[in-house]
Student: 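Can you keep this structure in mind? I'll have questions shortly.
When a ligand or atom number is given, it counts from 1 through the structure's own listing order. Keep in mind that what you see is a predicted model, and the values were worked out from it rather than measured. Along the sequence shown, the residues carry numbers beginning at 1.
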Amino acid sequence: MAETGPRAFITGHPVSHSRSPMIHGHWLQHYGIAGSYERAPATPEEFPAFVAALRDGSSGFVGGNVTIPHKEAAFALADQVDETGRLIGAVNTLWRDDGTVRATNTDAYGFAANLDAASPGWDRGRSATVLGAGGASRAVLYALIERGFAEIRLLNRTHGRARELADRFGSGVRPVPFADLQASLSGTDLFVNTTSLGMGDAPAPEIDFSVMAKGAVATDIVYVPLETPFLAMARRAGVMIVDGLGMLLHQAVPGFEIWFGRRPAVTAELRGLVERDVMGKS
Ligand code: ATR
C-alpha cells in the first residue's frame with residue numbers, strides 16, 4: 001500500500017467479497033499513481049460517523065465506494081447528490097469537496113458503458129424487458145430511459161415494487177405481471193435480468209428468447225457465473241448476450257477519475273484479471 005498520495009475506500013458490511021480493490025489497485029499500478037484504495041468496513045451503526053469523518057477530513061480519505069447495505073444511507077447522509085443519484089435513490093460513489101460530501105451513482109453509467117463496449121448499437125431499439133425492481137433495477141431503468149428506450153416492460157415477483165418504480169420513472173415504464181414474462185419478450189429489443197433468480201434454490205423459468213426482435217440483446221447484472229441461466233437460454237435461441245462483469249469494471253471508471261485525477265481504461269488485461277478471480281471462486 002502506498003504511504004503517500006490520495007487514499008480512497010470501499011465501505012460496506014461486509015466488504016471482504018468486493019472485487020473493487022483489485023480493479024482500482026490494477027489501475028493505480030498501471031498508471032503509476034501514488035495512492036491507495038483500501039477496504040474500510042463499517043456496520044450500519046458506524047456508517048454515519050464514517051461519513052462525518054470523510055466530511056471533516058479526519059479519516060484522511062478523498063472519497064470512495066459504498067456497497068451493500070449502505071447505498072441508501074449514503075444517499076441520505078451526503079451533502080450534495082447529483083441528479084443520477086437522486087433519481088436512483090441510492091449512491092455508490094462519494095468524494096470530499098471543500099468540506100462537503102458529494103455523491104453519485106455510477107451503476108447506470110457502468111451498465112450502459114458495458115453494452116456500448118460489448119454490443120455497439122444495443123440502444124438502437126425502443127423496447128426493453130427488465131426483470132427485477134430492486135436497487136440494481138433502478139440504475140438500469142435510469143440508463144435505459146436516458147438512452148431513449150420508450151417502452152420498458154418491468155416485471156417483478158412482488159408486483160407492487162414494479163408499480164412503485166413505474167410511478168418513479170414515468171409512463172415509459174409499464175409494470176407487467178411476473179407470470180407474463182414469456183409474453184413480455186415478444187418483439188422486445190433488449191432483455192435485462194437484475195435479480196438473483198436461478199442462482200439459488202429457485203430455478204430460472206424456461207423462456208423462449210427467440211420471440212425477441214431481430215438483432216435483440218440479452219444481458220444480466222449477475223456475473224457469477226459469467227453465463228447465467230438466462231444468458232444460456234438466450235444464447236441457445238441465437239440472441240446476442242452480454243455478461244455483467246463489464247458493468248462491474250465500467251462502473252469503477254468515474255470514481256477512479258474523481259479520486260485520482262485520471263480517467264482509466266477498461267482493458268482486456270483488467271477483464272482477464274477479474275475474470276480469473278471470478279472463475280476461481282465460482
Ligand atoms: P438489488 O439491489 O441487487 O437489486 P434487491 O433490492 O434486494 O437487490 O432486489 C432483488 C431483486 O431480485 C428483487 O427484484 C427481487 O424480487 P422481490 O422484489 O419480489 O423480492 C428479486 N428476486 C430475488 N430472488 C428472487 C426469486 N427467487 N424469484 C424472483 N425474484 C427474485
Student: Looking only at distances, please establish whether an N/O atom of ligand 1 is found under 3.5 Å from an N/O atom of S137.
Tutor: no
Student: Students should be able to answer this: which protein heavy-atom is nearest to atom 2 (O) of ligand 1, and at what distance?
Tutor: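 Here the closest protein heavy atom is G135 N, 3.3 Å.
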Student: If the cut-off is 4.0 Å to any non-hydrogen atom of S196, which atoms of ligand 1 fall inside it?
Tutor: 23 (C), 24 (N)
Student: Under 4.0 Å and counting heavy atoms only, is there anything from the protein next to atom 27 (N) of ligand 1?
Tutor: yes
Student: Is the shortest distance from a Lys or Arg side-chain nitrogen in R271 or D243 to a carboxylate oxygen in the other one below 4.0 Å?
Tutor: yes
Student: Which protein heavy atom lies closest to atom 15 (C) of ligand 1, and at what distance to 0.1 Å?
Tutor: N156 OD1, 4.0 Å
Student: Does F256 reach the side chain of I23, with side-chain heavy atoms less than 4.5 Å apart?
Tutor: no
Student: Tell me every residue that passes side-chain hydrogen bond (donor to acceptor under 3.5 Å, both in side chains) with T195, counting only those two or more places apart in sequence or in another chain.
Tutor: N193
Student: Please work out whether any backbone atom (N, CA, C, O) or any side-chain heavy atom from C-beta onward of T195 is under 4.0 Å from ligand 1, and answer side chain, backbone, both or neither.
Tutor: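 Near ligand 1, T195 shows its backbone as well as its side chain.
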Student: Do W27 and H30 have ring centres separated by under 6.0 Å?
Tutor: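 They do not qualify: ring centres at least 6.0 Å apart.
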Student: Between the main-chain N or O of N92 and the side-chain N or O of N65, is there a donor-acceptor pair closer than 3.5 Å?
Tutor: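 Here the side-chain-to-backbone pair exists.
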Student: Could you identify the single nearest non-hydrogen protein atom to atom 7 (O) of ligand 1 and state the distance to 0.1 Å?
Tutor: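 I find the closest protein heavy atom is R161 NH1, 4.9 Å.
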Student: Report yes if the distance between the aromatic ring centroids of F50 and F9 is under 6.0 Å, otherwise no.
Tutor: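 Yes - the distance between ring centres of F50 and F9 falls below the 6.0 Å cut-off.
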Student: What are the atoms of ligand 1, with element, lying closer than 4.0 Å to any heavy atom of A136?
Tutor: 1 (P), 2 (O), 4 (O)
Student: Just to confirm my output: which protein heavy-atom neighbour is closest to atom 20 (O) of ligand 1, and how far is it?
Tutor: R157 NH2, 2.9 Å
Student: I need the full list of ring-ring contact (aromatic ring centres under 6.0 Å, His included) pairs touching residues 145-194, with sequence neighbours left out, sorted by first then second residue.
Tutor: W122-F149, F191-F209, F191-F230
Student: Just to confirm, does any protein heavy atom lie below 4.0 Å from atom 10 (C) of ligand 1?
Tutor: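 No; the ligand atom in question lacks any protein heavy-atom contact below 4.0 Å.
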Student: Identify the closest protein heavy atom to atom 5 (P) of ligand 1: which residue and atom is it, and at what distance?
Tutor: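 Checked against all protein heavy atoms, atom 5 (P) of ligand 1 sits closest to G134 CA, 4.0 Å.
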Student: I'd like to check which ligand 1 atoms, numbered from 1 as shown, lie under 4.0 Å from a non-hydrogen atom of A202.
Tutor: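 Going through ligand 1 atom by atom, the ones under 4.0 Å from A202 are 27 (N).
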Student: Hey, are the side chains of H70 and P44 touching, using non-hydrogen atoms and a 4.5 Å cut-off?
Tutor: yes
Student: In Å, rounded to the nearest 0.5 Å, how long is the span from CG of D82 to CD of Q80?
Tutor: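 Between D82 CG and Q80 CD, I get 9.5 Å after rounding to 0.5 Å.
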Student: With a cut-off of 4.0 Å, which atoms of ligand 1 are near a heavy atom of G132?
Tutor: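 Going through ligand 1 atom by atom, the ones under 4.0 Å from G132 are 14 (O).
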Student: Measure the distance from atom 19 (O) of ligand 1 to every protein heavy atom, then report the residue, atom name and distance (to 0.1 Å) of the closest one.
Tutor: T158 OG1, 2.5 Å
